Amino acid sequence: MKKVEAIIKPFKLDEVKDKLNEIGIKGITVSEVKGFGRQKGHTELYRGAEYVVDFLPKIKVEIIIPDSQVEDVINTIMKGAQTGRIGDGKIFVTNLEDVIRIRTGERGEDAI
């Protein structure tokens with residue numbers, strides 16, 4: 001099993017979610033996060049004063065999947081989240097030792 005985490009631009013969430021639904025992904029977890037990468041934030045003007053916004057709003061999408069779906073999920077997220085501009089985000093894939101469904105006690109892929 002794998003855990004796929006994607007950091008994407010907020011306005012791309014609906015598109016990514018819809019594309020994941022099309023390939024049969026049933027469950028995702030979404031969090032509002034802040035951060036920066038190479039774009040290093042930006043400067044804004046508020047009441048005549050400039051200030052630097054270091055941490056930009058992003059969305060973190062987390063998906064737990066069997067190994068067989070990893071490439072499909074990665075490609076789907078990339079298609080849905082890509083704008084071609086800096087700050088499109090990152091995808092992280094990690095191994096997952098176990099998953100337990102609290103309600104039934106099911107474990108492993110049965111719990112996904």
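Each residue takes its place number in the sequence, starting with 1. This one's a predicted model, so the numbers in the text were calculated from it and none came from an experiment.
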For this session: Could you list all the side chain to side chain donor-acceptor pair (under 3.5 Å) pairs where at least one residue sits in residues 5-14, not counting sequence neighbours?
Result: Glu5-Lys60, Lys12-Glu15
Using distance only, find each side-chain donor-acceptor pair of residues 74-88 under 3.5 Å and give its atom names and separation, not counting sequence neighbours.
residue : atom : partner : partner atom : Å
Asn75   : ND2  : Glu71   : O            : 3.1
Thr76   : OG1  : Asp72   : O            : 2.7
Thr83   : OG1  : Arg85   : N            : 3.2
Thr83   : OG1  : Asp88   : OD1          : 2.4
Thr83   : OG1  : Asp88   : OD2          : 3.4
Asp88   : OD1  : Thr83   : N            : 3.3
Asp88   : OD2  : Thr83   : N            : 2.8
Asp88   : OD2  : Gly84   : N            : 2.9

For this session: Can you measure from NZ (Lys3) to CD (Glu97) and round to the nearest 0.5 angstrom?
Result: 13.5 Å
Exercise. Is Ile65 reachable from Val99 through a run of hydrophobic residues whose side-chain heavy atoms are each under 4.5 Å from the next?
Worked result: no
For residues 101-112, dump all side-chain donor-acceptor pairs below 3.5 Å to protein atoms at least two apart in sequence or in another chain.
residue : atom : partner : partner atom : Å
Arg101  : NE   : Glu106  : OE1          : 2.8
Arg101  : NH2  : Asp110  : O            : 3.3
Arg101  : NH2  : Ala111  : O            : 3.1
Thr104  : OG1  : Glu106  : N            : 3.2
Thr104  : OG1  : Glu106  : OE1          : 2.9
Arg107  : NE   : Asp98   : OD2          : 2.9
Arg107  : NH2  : Asp98   : OD2          : 2.5

Exercise. Is the shortest heavy-atom distance from the side chain of Glu62 to the side chain of Ser31 under 4.5 Å?
Worked result: yes
For this session: Report yes if the side chains of Met1 and Asn95 come closer than 4.5 Å at any heavy-atom pair, otherwise no.
Result: no
For this session: Find out if a path of hydrophobic residues (ILVMFWY) with successive side-chain heavy-atom gaps under 4.5 Å connects Ile91 to Ile59.
Result: yes
Exercise. Is Ile100 isolated, or which residues cluster with it under the ILVMFWY side-chain rule of less than 4.5 Å, directly or via members?
Worked result: none
Problem set entry | Listed partners of Lys19 passing side chain to side chain donor-acceptor pair (under 3.5 Å), at least two apart | none
For this session: Check the hydrophobic clustering (I, L, V, M, F, W, Y; side-chain heavy atoms under 4.5 Å; chains of links allowed) and say if Val61 and Phe92 are grouped together.
Result: no
Problem set entry | Same apolar cluster: Val30 and Ile64, side chain cutoff 4.5 Å | no
Problem set entry | Which atom of Leu20 lies closest to which atom of Ile63, heavy atoms considered | CD1-CD1, 3.5 Å
Exercise. Is Ile8 reachable from Val4 through a run of I, L, V, M, F, W or Y residues, each pair having side-chain heavy atoms under 4.5 Å apart?
Worked result: yes
